[in-house]
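Please read the structure below before turning to the comments.
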Amino acid sequence: MKVADVPGLPEGVADHLESGGIEELYPPQAEAVEAGVAEGESLVASVPTASGKTLVAELAMLSAVERGGKALYIVPLRALAGEKATEFEEFEQFGFSVGVSTGNYEDDGSRLSGNDIIVATSEKVDSLVRNGAGWIDDLSCVVADEVHLVDDDHRGPTLEVTLAKLRQRVQDLQVVALSATVGNADEIAEWLDAELVDSTWRPIDLRTGVHYGQGVHYDDGTQEELATGGSDSQTAAIVEDTLQDGGSTLVFVNSRRNAEAAARRLADVTKQGISDDDRQRLREVADEIRGVSDTETSDDLADAVEKGAAFHHAGLAREHRELVEDAFRERAIKVVSATPTLAAGVNTPSRRVVVRDWQRYDGTAGGMQPLSVLEVHQMFGRAGRPGRDPYGEAVLLANNHDELEELFDRYIYAEPEPVRSKLAAEPALRTHVLAAVATGFTTTEDALHEFLGETLYATQTDDPGRLKRVTKDVLAYLERNGFVEREDGTLRATSTGHLVSQLYVDPMSAATLVDGLRAAERGETASSGRQRASGDPEEAGFQTAGEMQETDSEADSDADGEGASPTPFGLFHLVSRTPDMYELYLRSGDREQYTELAYEREDELLGSAPREEEAAFEDWLSALKTAKLLEDWASELDEDRIAERYGVGPGDIRGKVETAEWLLHAAERLAGDLDDVESAAAVREARKRVEYGVREELLDLAGVRDVGRKRARRLYNAGIESRADLRNAEKSLVLGAVRGREKTAERILENVGHPDPEMDAVSADADAAAAAEEADRSGQANLGDFS
DNA sequence: TTTCGAGACCTCTAGACAGCATGTC
DNA sequence: CTAGAGGTCTCGAAA
């Protein structure tokens with residue numbers, strides 16, 4: 001089928017696509033058109049990656065908008081939202097406006113309601129629906145990318161519920177669901193009342209196989225020796241072979257450490273025979289990487305990149321990842337060893353893919369668990385770059401003949417697993433049941449069941465009672481915590497319930513925050529809890545045996561109702577023990593160290609602590625570790641020191657800070673809801689300190705545009721302590737504080753409203769410069785009590 | 001005395017969404 | 001309780 005034959009497309013679009021080299025549709029695309037995607041028919045397309053799913057979505061959205069209405073494109077990752085939006089922007093010339101909305105990014109200028117095509121994450125869509133975005137009713141087409149993710153324990157239910165909600169709310173909504181090849185695409189199609197295109201067709205060949213001994217055994221029965229010299233490891237041999245063929249390799253491993261170690265070793269292979277052009281480019285990229293962050297992770301990455309290799313995992317800062325992805329796409333970087341981040345993320349195709357580790361540690365399962373077929377196939381799918389490689393190859397590695405056969409059976413010949421809904425789990429239902437009630441979407445338990453009956457879960461389960469039972473438990477939980485009320489069988493959200501739904505936090509997080517804030521009001525801390533818990537202090541609480549040094553009078557005065565306002569550290573701990581904060585791993589030795597810290601600072605820790613022998617104690621300590629990280633950040637400790645102290649990467653620090661900001665914002669609103677003005681102010685300050693990463697005295701300065709934690713400290717040390725000071729500051733002082741950067745100094749003064757920001761003929765003040773140097777050293781200071 | 005390598009033992013474990021109001025070095 | 005790669009330490013032999 002030709003593009004020109006696609007019905008319903010706006011004037012000019014077909015010509016435009018043809019001039020871009022797309023004349024003939026790929027077979028699955030043609031099937032989709034025949035099934036009516038361009039005429040408003042719902043469709044599930046279960047096809048391999050890179051087989052032209054995006055065009056199917058575009059045809060659906062453009063024709064839908066042409067008929068009237070808006071189109072919504074739901075992505076699983078924020079990083080993909082930008083990528084997709086950029087792709088869709090090529091149609092802006094035909095009058096279609098594209099908008100993006102994710103948690104950390106919202107298109108300015110044109111409001112979403114003015115856009116024809118909106119790209120958003122599933123959570124953001126859910127949130128928009130909850131908060132009553134009016135344009136939802138104007139939708140005529142929704143595209144859900146990577147729908148097989150409804151299988152995900154944590155985030156799958158959101159996508160599932162969101163789709164169900166949109167379908168119920170908007171009459172005749174066209175739903176286009178794009179999926180990887182899965183075992184039960186037909187079930188998904190049935191759920192969505194959609195046509196099905198189920199195909200394994202790929203635009204370029206993909207050979208899959210297993211490497212064992214000297215060569216690769218392929219799925220077509222052929223074997224190939226690798227043309228390599230003396231590489232000892234299997235992975236190195238494959239990389240070397242691919243390199244001789246002028247191709248790049250993507251290696252999937254099961255841990256960050258393995259990714260880094262592999263990159264280090266593979267760099268010895270790639271460093272030979274780098275062209276002068278590549279060398280130059282790699283050096284640039286390495287410099288940029290070093291510029292992103294001062295951490296060891298950053299240096300290690302840059303070292304590898306200079307030799308043509310790289311690693312990729314979530315400990316990297318976002319900028320790191322983008323630099324690596326871009327340089328790999330440009331083929332300057334020859335090999336990337338990655339955790340699954342790269343399999344799910346933006347498009348980074350490679351000539352060869354090596355799935356080195358097919359098992360991954362899973363604490364809940366008590367050991368190594370095999371990856372799912374779907375996951376391995378997703379990794380395989382990164383092999384072969386359309387238009388650049390003649391074919392792609394993806395291989396697993398076997399250590400012996402038995403493993404060779406096992407891998408063939410398990411992954412090469414195997415069909416992907418069916419997708420199963422994970423909706424009937426308390427954490428998922430807590431938030432979605434509350435949202436359904438709070439938005440007035442459902443007002444009775446029956447209506448709730450009716451709605452939940454429209455989900456994929458309902459079509460799949462053999463135990464229809466289960467969803468009802470869990471829903472009942474969840475409703476009881478929501479009532480108990482004062483989020484939902486029941487009156488003559490009518491469900492109604494309380495004002496707190498509405499707020500929680502709007503804030504988009506897990507109701508359990510909200511309950512934790514409310515408990516903590518109330519405890520603060522009553523002056524109830526870990527220390528008072530311990531005092532009360534038992535007459536015998538040796539047995540109560542979490543402290544290690546014997547060491548009591550808290551004065552009774554202090555603890556008593558806290559306990560009898562005179563609440564002091566919570567400290568930042570107490571609040572950091574509070575948000576860290578919320579289920580919405582991902583836990584930091586407690587390493588050996590940490591238990592002892594943080595138990596001691598808990599003891600030292602028990603007066604600040606809100607609510608009562610679990611006893612040391614309780615299972616919950618571990619989590620509580622882990623939250624304490626996170627709280628300490630946040631406190632270090634909000635005390636201007638340098639990133640590299642934090643990374644080193646907690647064994648994390650720059651990406652983890654940013655992630656924790658971002659989550660803390662969000663939860664502290666929720667806590668602030670909840671404190672307001674409790675009419676606890678004092679706590680609300682304390683929470684607000686804690687939030688600001690995390691947001692800017694500064695101590696209290698810099699809060700005013702750090703709010704100025706172009707002034708971050710570093711510059712604020714330099715200015716402060718030079719004697720400029722507030723915005724008012726800055727507005728009236730001697731210019732030479734400011735220039736000295738920013739280490740003689742005239743442009744920077746001018747921008748800052750402009751932003752703060754200085755009457756004359758012009759820096760010509762101003763020379764830097766030596767004392768201020770010295771103070772700036774001093775500020776840099778303070779970030780290295782060993783804050784906190786342990787090394 | 002220093003250096004090197006094999007082997008025993010120990011350590012640690014993937015990912016990433018959300019609010020709100022604007023801007024780091 | 002279950003795994004397994006990598007890092008680190010230790011010991012002995014060679015330089």
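The chains referred to below are lettered A, B, ... by the order of the sequence lines, with proteins before strands, and numbering in each begins at 1. Every value quoted in this text rests on a predicted model; they were computed, and no experiment measured them.
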* So what is the 5' to 3' dot-bracket string for DNA chain B, if pairs are Watson-Crick or G-U wobble with both distances under 3.5 Å, crossing pairs use [ ] and | means the partner sits on another strand? -> |||||||||||||............
* Please name all residues satisfying side-chain contact (heavy atoms from CB on, under 4.5 Å) with A:Glu774, sequence neighbours left out, ordered by chain then number. => A:Asn717, A:Arg777
* Strand contacts (DNA chain B) in residues 287-302 of chain A, 4.0 angstrom heavy-atom criterion -> none
* Asked: Under the side-chain contact (heavy atoms from CB on, under 4.5 Å) test, which residues partner A:Ala718, sequence neighbours left out?
  -> A:Ala737, A:Ala768, A:Ala771
* Can you list the residues that meet the side-chain contact (heavy atoms from CB on, under 4.5 Å) rule with A:Glu691, with sequence neighbours excluded? -> A:Glu661, A:Arg687, A:Lys688
* Encode nucleotides 4-9 of chain B as B, S and - characters from 5' to 3', where the letter depends on protein heavy atoms closer than 4.0 Å: B to the base, S only to sugar-phosphate, - to neither. => ------
* Asked: Under the side chain to side chain donor-acceptor pair (under 3.5 Å) test, which residues partner A:Arg321, sequence neighbours left out?
  -> none
* **Polar side chain donor-acceptor pair, A:His320 to A:Ser298, under 3.5 angstrom** => yes
Distances under 3.5 Å between protein N/O atoms and the N/O atoms of nucleotides 16-18 of chain B, please, pair by pair.
residue : atom : partner  : partner atom : Å
B:dC17  : OP1  : A:Arg78  : N            : 3.1
B:dC17  : O4'  : A:Arg155 : NE           : 3.3
B:dC17  : O4'  : A:Arg155 : NH2          : 3.3
B:dC17  : O3'  : A:Thr121 : OG1          : 3.4
B:dA18  : OP1  : A:Gly103 : N            : 2.7
B:dA18  : OP1  : A:Thr121 : OG1          : 2.6
B:dA18  : OP2  : A:Arg78  : NH1          : 2.9
B:dA18  : OP2  : A:Gly103 : N            : 3.3
B:dA18  : N6   : A:Thr659 : OG1          : 3.3

* State which residues pass side chain to side chain donor-acceptor pair (under 3.5 Å) with A:Arg360; sequence neighbours excluded, sorted by chain then number. => A:Glu375
Within the sub-3.5 Å range, which N or O atoms of nucleotides 5-10 of chain C have a protein N or O partner, and how far apart are they?
residue : atom : partner  : partner atom : Å
C:dA5   : N3   : A:Arg257 : NH2          : 3.4
C:dG6   : OP1  : A:Arg265 : NH2          : 2.8
C:dG6   : OP1  : A:Arg356 : NH1          : 2.8
C:dG7   : OP1  : A:Arg264 : NH2          : 2.6

* **By side chain to side chain donor-acceptor pair (under 3.5 Å) - contacts of A:Thr431 (at least two apart)** => A:Arg130
* Residues that A:His211 engages under side chain to side chain donor-acceptor pair (under 3.5 Å), provided they are two or more places apart -> A:Gln234
* **Sugar-phosphate only, base, or nothing, as touched by A:Gly708 at under 4.0 Å among non-hydrogen atoms** => sugar-phosphate
